[in-house]
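The next block holds one structure in the form of structure tokens; read it before the comments.
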Amino acid sequence: FTDNGNGTATLAGSPSTGMGGTYPLTITAGNGVSTNATQSFTLTVNQTPAITSANNATFFTGAAGTFTVTTSGYPGGSSMALSKTGTLPGGITFTDNGNGTASLAGIPSVAASGTYPLTLTANNGVGSNANQSFTLTVQDATAPVVNTFSAISPSASHNISITAFTATDNVAVTGSLITTSSTPPLAGAAGWSISAPTSFSVALDGSYTLYPWAKDANNNISAVFTSPASVLVDTVAPDTQIDSHPSSLASDTNASFQF
């Protein structure tokens with residue numbers, strides 16, 4: 001604000017970034033005659049829109065997720081219109097909240113895993129619209145399900161034959177594993193195979209309970225199978241000896257033996 005010394009004054013300059021808003025002022029003129037003149041004055045500084053929130057978010061299939069888009073600029077609030085272009089995953093909606101924010105929210109469907117490129121736009125009528133390239137990632141959170149599992153019992157070999165092992169997943173089963181513990185294995189544990197194993201090896205004879213597991217590409221692990229296979233491993237052949245027999249035998253004699 002500059003008093004030009006000629007009965008005028010000037011408001012001039014370049015408002016700083018982020019200073020959009022209204023500024024109430026009182027301007028006073030005095031020339032020594034009677035009382036000064038005052039005027040209530042409002043200076044409005046418009047500011048082009050900007051999207052201030054992150055340019056990405058991650059949701060999980062089957063789970064509620066929400067992300068808030070935020071903006072700056074003046075006027076804001078209800079004067080800031082927000083929109084998007086691009087395809088959303090099933091179960092997710094985009095809502096302009098009418099207050100300078102917008103919401104991405106919902107529960108992604110189990111088949112919606114993937115990446116979704118969007119363009120978010122903010123417009124308040126000042127200058128150019130603000131556009132943001134935004135990526136919504138939906139990660140698969142649905143674990144595979146083991147459907148069938150069985151094994152040969154008793155087993156005369158330390159290499160137990162698996163007679164059935166099937167599993168399904170909403171995307172794809174990427175690994176199968178058999179353990180002797182009901183504790184879920186880690187996705188990075190040793191022993192996972194791409195295809196379902198057809199045998200399981202043990203070191204010693206004895207009774208074993210075998211648990212099947214399946215995982216997917218997002219390292220979701222199946223729940224403990226409710227019908228694990230109980231297997232008896234016995235590799236030792238019976239020890240047969242004759243305990244008693246007739247003292248003498250003829251070729252045409254029937255004899256009885258005890259074992």
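Because the structure is predicted, anything quoted here is derived from the model rather than measured.
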Practice task
Scan residues 119-138 for pairs that pass ring-ring contact (aromatic ring centres under 6.0 Å, His included), counting only residues two or more places apart or in two chains.
Solution key: Phe67-Phe134
Problem - ring-ring contact (aromatic ring centres under 6.0 Å, His included) partners of residues 138-160, not counting sequence neighbours, each pair once - result: Phe149-Phe165
Problem - Pairwise side-chain contact, Leu82 with Leu120, heavy-atom cut-off 4.5 Å (strictly under) - result: no
Practice task
Share the residues that join Val173 in a hydrophobic cluster, the rule being Ile, Leu, Val, Met, Phe, Trp or Tyr side chains under 4.5 Å apart at the heavy-atom level.
Solution key: none
Problem - Co-members of the apolar cluster containing Ile27 [side chain, <4.5 Å] - result: Phe1, Leu11, Met19, Tyr23, Leu25, Phe41, Leu43, Val45
Among all residues two or more places apart in sequence or in another chain, which pass the side chain to side chain contact (heavy atoms under 4.5 Å, CB included) test with [X]?
X	answer
Asn129	Thr121, Asn123
Ile107	Ala64
Asn170	Val110, Asp140, Thr142
Thr42	Thr22, Thr44

With sequence neighbours excluded, what pairs up with [X] under the ring pair (Phe, Tyr, Trp, His ring centres under 6.0 Å) test?
X	value
Tyr208	none
Phe60	none
Phe200	none
Phe94	none

